[in-house]
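A quick write-up on the structure given underneath.
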Amino acid sequence: MPEPIITVKGLSVRYERRTVLSNIYLDIEKGCNYAIIGPNGAGKSTFFKALLGLSENSEGRVEIFGGPITKSRLKTAYLPQKDYFEFDFPATVYDIVLMGRYPHKTLFQRIDQADRDKVYTALHDMEIEHLADRQIGQLSGGQQQRVFIARALAQEAEVFFMDEPFAGVDITTEEKIVSIMHNLSKKGKTFLLVHHDLSTIEQYFDKVIMINQRLIAYGDVKSVFNQKNMSECFGAQLSVLHKLNHFG
């Protein structure tokens, strides 16, 4: 098996008396696309935050690139749900993507041509060079998602944590983002996406992680994404998903 880039051992998260995640063990492999799925309230977003060291109530051990997340911040990029962002902020697309270079700078270091080159390369890779001078709030949902992925590319991230990146985007934009994700994974980038449309799992992803407050199953989509595991993960919600054509 390939060397894991993320190792999770005994991860649990509790808020007051409520257990949100319980005793999760798994490994994440380099260059793969992972779907994180589970019913509403299953702890998927909490799982992301715990992996990234953003949850104060977590127990267990998470190693990214062989050490704690504090030593791998530059290699990880987190794209939370869209509601997290203030799109009225008076910044251009170029400004947002340039932010990906700031973590590489000390307090008194200036942005140089090498940084600008990385920004324009990221804009090119995401096919949004023509939007560089546009204000972020003027863009469509899909364009905004591309901007934030471009910022992560400019940061030179290796692992992308994306929480519901397809919410509010049309199918054309969704398929474009998936195409970019597949191209980047071929270059060794790793993607973990909280995803809801179960009908696209086999098309979009290499691997799947099923969570419902605990780890139900994880591994290759072809071996793990089956009726038995889905029933255990979603329970009574599964019949509703069938009716909505999200699975089957």
Side-chain angles (χ1 to χ4, degrees), residues 1-15 18-73 75-81 152 157-165 181-182 184-185 188-198 200-202 204-235 238 247:
M1 285 184 60
E3 185 77 15
I5 59 172
I6 301 176
T7 300
V8 181
K9 296 183 178 180
L11 178 64
S12 297
V13 180
R14 295 180 178 85
Y15 291 110
R18 179 170 173 256
T19 298
V20 181
L21 294 174
S22 179
N23 202 33
I24 293 177
Y25 287 78
L26 56 77
D27 292 327
I28 302 296
E29 298 175 16
K30 179 179 179 178
C32 294
N33 302 317
Y34 286 80
I36 317 297
I37 65 173
N40 293 333
K44 300 182 295 294
S45 296
T46 299
F47 176 64
F48 267 12
K49 292 177 182 178
L51 293 185
L52 291 164
L54 302 176
S55 173
E56 297 179 355
N57 305 292
S58 61
E59 302 172 1
R61 189 171 72 183
V62 176
E63 292 184 353
I64 299 183
F65 296 102
I69 181 62
T70 52
K71 294 185 177 181
S72 299
R73 292 291 184 196
K75 295 182 178 180
T76 59
Y78 175 42
L79 284 73
Q81 295 179 17
E158 296 295 327
V159 186
F160 295 71
F161 296 82
M162 304 171 68
D163 197 345
E164 299 187 41
M181 179 178 75
H182 287 169
L184 291 172
S185 66
K189 307 291 186 182
T190 304
F191 287 83
L192 294 90
L193 277 66
V194 172
H195 189 62
H196 286 290
D197 185 356
L198 303 181
T200 60
I201 295 290
E202 293 177 305
Y204 289 178
F205 299 96
D206 308 307
K207 296 179 182 290
V208 62
I209 298 172
M210 298 183 181
I211 291 177
N212 190 350
Q213 298 185 346
R214 61 184 178 86
L215 182 64
I216 304 300
Y218 87 101
D220 294 337
V221 169
K222 291 181 179 180
S223 60
V224 171
F225 189 63
N226 55 48
Q227 186 73 33
K228 177 179 178 295
N229 288 333
M230 292 297 294
S231 296
E232 185 175 354
C233 186
F234 285 88
L238 190 59
F247 178 67

Do Gln213 and Ser22 come within less than 4.5 Å of each other through their side chains, counting heavy atoms only? no
Between the side chain of Asn229 and the main-chain N/O of Ala217, is any donor-acceptor distance below 3.5 Å? no
Can you find a heavy atom in the side chain of Thr7 that is under 4.5 Å from one in the side chain of Val62? no
Is it true that Phe161 and Phe48 have ring centroids separated by less than 6.0 Å? yes
Please name the pair of heavy atoms, one in Ser58 and one in Leu11, separated by the smallest distance, quoted to 0.1 Å. CB-CD1, 4.1 Å
Testing Ile211, Asn212, Asn57 for side-chain contact (heavy atoms from CB on, under 4.5 Å) with Leu21, which one passes? Ile211
Salt-bridge criterion met for Lys49 and Glu56 (N-O under 4.0 Å): no
Determine, step by step, whether Arg14 and Glu59 satisfy the salt bridge (Lys or Arg N to Asp or Glu O under 4.0 Å) criterion, reporting the C-alpha distance in whole Å, the side-chain angles of both residues, the deciding distance to 0.1 Å, and the verdict. CA-CA 8 Å; Arg14 295 180 178 85; Glu59 302 172 1; 2.9 Å; yes
What residues, two or more places apart in sequence or in another chain, satisfy side-chain hydrogen bond (donor to acceptor under 3.5 Å, both in side chains) together with Glu202? none
Mark yes or no for whether Ser72, through its side chain, and Phe65, through its backbone, hold a donor-acceptor pair below 3.5 Å. no
How far apart are the C-alpha atoms of His195 and Glu164, what are their side-chain angles, what is the distance that settles it, and do they pass the side chain to side chain contact (heavy atoms under 4.5 Å, CB included) test? CA-CA 6 Å; His195 189 62; Glu164 299 187 41; over 6 Å; no
Any chance you could measure Lys207, atom NZ, to Leu192, atom CG, to the nearest 0.5 Å? 11.5 Å
Any non-hydrogen side-chain atom of Ile6 less than 4.5 Å from a side-chain atom of Asp27? no
Any side-chain to backbone donor/acceptor pair from Lys44 onto Gly38? Under 3.5 Å, distance only. yes
How about His182 and Tyr204: are their ring centres within less than 6.0 Å of each other? no
Could you check whether any side-chain N or O of Ser223 sits under 3.5 Å from a backbone N or O of Asp220, counting only pairs where one atom can act as donor and the other as acceptor? yes
Which pair of non-hydrogen atoms, one from Gly31 and one from Thr190, has the smallest distance, and what is that distance? N-OG1, 2.9 Å
Could you go through Met181 and Leu193, starting from their C-alpha distance and side-chain angles, then the distance that decides it, and tell me whether this counts as side chain to side chain contact (heavy atoms under 4.5 Å, CB included)? CA-CA 11 Å; Met181 179 178 75; Leu193 277 66; 3.8 Å; yes
Under a 4.5 Å cut-off applied to non-hydrogen side-chain atoms, are Val208 and Tyr34 in contact? no
Side chains of Ser45 and Asp163, donor plus acceptor under 3.5 Å: yes
Side-chain contact test, heavy atoms from C-beta onward, threshold under 4.5 Å: evaluate it for Pro165 versus Phe191 and give yes or no. no
So Val221 and Asp206, do their side chains get closer than 4.5 Å, heavy atoms only? no
Check whether any side-chain heavy atom of Ile28 sits under 4.5 Å from a side-chain heavy atom of Leu26, and report yes or no. yes
Side chains of Val194 and Phe47 in contact at under 4.5 Å (non-hydrogen atoms): no
Closest contact, heavy atoms only, Gly43 versus Val20: CA-CG1, 4.1 Å
How far does CG of Leu198 sit from CE of Met230, to the nearest 0.5 angstrom? 4.5 Å
Euclidean distance, Leu54 CG relative to Ile69 CD1, rounded to 0.5 Å: 8.0 Å
